[in-house]
J.: 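To start, I am sharing the structure in question, which I have written as structure tokens.
These numbers come from the heavy atoms of this one structure, side chains and all, not from hydrogens, waters or symmetry mates.
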Amino acid sequence: MQTYTLLREFADSWFLIAMFCFFIGTCLYAFWPGLRASRDAAAQIPLRDEPTACTNDCANCACKSILKELEDG
């Protein structure tokens, strides 16, 4: 029972303070004005108009490697 009491006291005091500081730090990071451009760029990822078909332009295209694995296996 001694271990439980010690861990309970730690969780009620120092760990609570640490979690509160982590929460405040996360909020500050999320709403920091200097990171607005990166947040806006990340928000636009689902809306990008990217080609769906493989263009066969590159030598090591991911589409080619997937097709080769399917043909081999």
Side-chain angles (χ1 to χ4, degrees):
M1 208 62 171
Q2 184 73 7
T3 304
Y4 173 77
T5 306
L6 180 67
L7 290 175
R8 178 64 191 227
E9 289 177 11
F10 177 73
D12 286 342
S13 60
W14 294 107
F15 192 70
L16 180 63
I17 293 169
M19 290 300 292
F20 180 72
C21 290
F22 178 77
F23 174 74
I24 295 299
T26 303
C27 289
L28 287 174
Y29 176 77
F31 296 109
W32 198 259
L35 299 174
R36 184 178 180 102
S38 63
R39 285 193 311 266
D40 289 343
Q44 293 299 319
I45 289 174
L47 304 175
R48 288 184 189 158
D49 190 22
E50 296 177 356
T52 56
C54 183
T55 58
N56 293 328
D57 290 338
C58 56
N60 296 323
C61 180
C63 298
K64 289 181 184 178
S65 63
I66 293 171
L67 289 175
K68 185 175 181 179
E69 288 177 12
L70 290 174
E71 290 174 355
D72 294 340

J.: Do Glu9 and Thr5 come close enough that some side-chain heavy atom pair is under 4.5 Å?
T.: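 Sidechains of Thr5 and Glu9: in contact.
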J.: Quick check on the hydrophobic clustering: are Phe23 and Leu28 connected, directly or via other members, by side-chain heavy-atom contacts under 4.5 Å?
T.: yes
J.: What are the two closest non-hydrogen atoms of Pro46 and Ala43, and how far apart are they?
T.: CD-O, 3.4 Å
J.: Give the other cluster members for Ile17, using side-chain heavy-atom distances under 4.5 Å between Ile, Leu, Val, Met, Phe, Trp and Tyr residues; answer none if it is isolated.
T.: Phe10, Trp14, Phe15, Met19
J.: Identify every side-chain donor-acceptor pair in residues 29-39 under 3.5 Å, counting partners at least two apart or on other chains, and give the distances.
T.:
unit_1, atom_1, unit_2, atom_2, d
Ser38, OG, Leu35, O, 2.9
Arg39, NH1, Ala30, O, 3.0
Arg39, NH1, Trp32, O, 3.0

